[in-house]
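Down below is the structure, laid out as structure tokens.
Remember, it's a predicted structure, so these values are computed and weren't measured experimentally. Remember, it's 1-based here, ligands and their atoms both numbered in the order they're listed.
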Amino acid sequence: MSVLVFAENWDGKFKNPSFEAVSYGKAVADKAGTDLIAVTFGNLEDDASVLGKYGANKVVHVSDAGAFDAHLYGNSLKDLANGLSAKVVVVSQSNNGKMLSSFLAVAWEAGMISNVVEAPESVAPIKVKKKVFSSKGIATVESSEERVVLALASNSFGAHEAATDAAVESGSTSGEAKTQSVEVDRATGQITLSEAEVVVSAGRGLKGPENWGMVEELAGLLGAATACSKPVSDVGWRPHTEHVGQTGKAIAPNLYIAIGISGAIQHLAGVSSSKVIVVVNSDPEAPFFKAADYGIVGDAFDVVPRLIEAVKELKG
Ligand SMILES: Cc1cc2nc3c(=O)[nH]c(=O)nc-3n(C[C@H](O)[C@H](O)[C@H](O)COP(=O)(O)OP(=O)(O)OC[C@H]3O[C@@H](n4cnc5c(N)ncnc54)[C@H](O)[C@@H]3O)c2cc1C
């Protein structure tokens, strides 16, 4: 038996979610006393052997795959898993990862556990903890199937170095893609919210769209993406693509700075997995402070310009 991990790459480059998934796969493989095999698709800019740094014993590079297609990637992973006698496949819960894990579980006739947050308590059967109720609870789930797809919640396990020498082998695709990427119109100079390590977010406390300059300036200085609460995008102060929460995007950056946002449960549902939360709010009783690692009680129009000055000073 072996453990497989889907190591996603973005335009040929591995990012933190790939390393986190490999680290998680390593923990599963160690528990099972077996090897970890990472599988990555498409053309690579990075050296595939870098995945060994996080515990992969072998990397299978399927270079003949084009852009992501759940059928093509899923069927290829299924055949690789069968060929390598894998019983567990780990997938990071990115946009593609969510589609892939569901497709693979059906195609491979496997159990599927999503939102996984911790290394398994046991591997035969697989028993893991997962987030439930919009991250407000944790459930322990056991798979009744021997084969299991584990979809790992972003930023839940972390990337851990485990220096292993990974041999790189080439693999090939199985089946056909059902979709083709015809054209990609990419926003330039903007940090994608779902991939951002730092997010500066603001809510109704900012009073109007004309006041977002300071939010954008702070985000620019921190290399952050901007986000907002639902009512802010509902009234058109900011685009809907920035809306985070239960009905918006769920994000898990390393740092989430919330300015003038009350911290309603529907907002927290999409941001509470952030590693560090900083809240700026003029109301000391704002519910968001209960979820914050650091809180600043103060007027955003006073605090944010001072934060900007402090960051500028720090950057020299
Ligand atoms: C089914 C459902 C789904 C929902 N989904 C989402 C969702 O996905 N995302 C989401 O965000 N909301 C969602 N909501 C709405 C949610 O319940 C809240 O109404 C919303 O999050 C509040 O937005 P806010 O914090 O920006 O505004 P408010 O609740 O108006 O809070 C503004 C905050 O700014 C502070 N403030 C005011 N002036 C200043 C100042 N000068 N400086 C500093 N702080 C100041 C206030 O003290 C207050 O805490 C949903 C609601 C429902 C019913």
Side-chain angles (χ1 to χ4, degrees), residues 93-95 98 114-115 117 130-137 153-156 190-222 224-311:
Q93 238 166 242
S94 62
N95 285 342
K98 282 181 197 160
S114 60
N115 270 327
V117 289
K130 63 170 280 175
K131 291 194 288 186
V132 288
F133 302 130
S134 300
S135 306
K136 289 182 76 65
S154 304
N155 250 341
S156 57
Q190 275 181 357
I191 296 162
T192 314
L193 183 53
S194 50
E195 289 173 13
E197 298 204 345
V198 181
V199 173
V200 181
S201 186
R204 235 169 5 193
L206 254 70
K207 321 287 186 219
E210 67 280 5
N211 295 322
W212 247 263
M214 62 182 184
V215 176
E216 284 174 343
E217 188 176 359
L218 182 61
L221 284 165
L222 295 172
T226 47
C228 68
S229 64
K230 181 175 184 291
V232 160
S233 63
D234 283 349
V235 293
W237 293 358
R238 298 296 291 178
H240 275 292
T241 48
E242 288 195 359
H243 156 203
V244 288
Q246 185 184 314
T247 47
K249 288 197 174 94
I251 55 169
N254 288 330
L255 174 61
Y256 182 72
I257 304 177
I259 304 162
I261 302 176
S262 57
I265 47 167
Q266 296 89 353
H267 185 86
L268 291 176
V271 304
S272 61
S273 297
S274 308
K275 255 197 192 147
V276 175
I277 296 178
V278 177
V279 168
V280 180
N281 199 302
S282 52
D283 175 8
E285 301 298 324
F288 221 148
F289 284 123
K290 290 205 179 81
D293 296 282
Y294 300 94
I296 304 173
V297 179
D299 187 334
F301 298 96
D302 170 40
V303 175
V304 177
R306 284 162 65 185
L307 281 176
I308 289 170
E309 282 318 304
V311 176

- Query: Applying a heavy-atom distance cut-off of 4.0 Å, which protein residues contact ligand 1?
  - Reply: Gly203, Arg204, Gly205, Lys207, Ser229, Lys230, Pro231, His243, Val244, Gly245, Gln246, Thr247, Gly248, Gly260, Ile261, Ser262, Ala264, Gln266, His267, Asn281, Ser282, Asp283, Gly298, Asp299, Ala300, Phe301
- Exam field: side chain Gln93 to backbone Asn115, donor-acceptor pair closer than 3.5 Å: yes
- Item | Point-to-point distance, once rounded to the nearest 0.5 Å, from CH2 of Trp212 to CD of Glu242 | 8.5 Å
- Item | Check against salt bridge (charged side-chain N to carboxylate O under 4.0 Å, His left out), Lys290 and Glu285 | CA-CA 9 Å; Lys290 290 205 179 81; Glu285 301 298 324; over 6 Å; no
Can you list, pair by pair, the side-chain donor-acceptor contacts under 3.5 Å of residues 257-268, counting residues two or more places apart and other chains?
| from | atom 1 | to | atom 2 | distance (Å) |
| --- | --- | --- | --- | --- |
| His267 | NE2 | Tyr256 | OH | 2.8 |

- Does Ser272 use its side chain to pair, donor to acceptor, with the backbone of Ala269 at less than 3.5 Å? no
- Under 3.5 Å, is there a donor-acceptor pair linking the side chains of Lys98 and Ser114? no
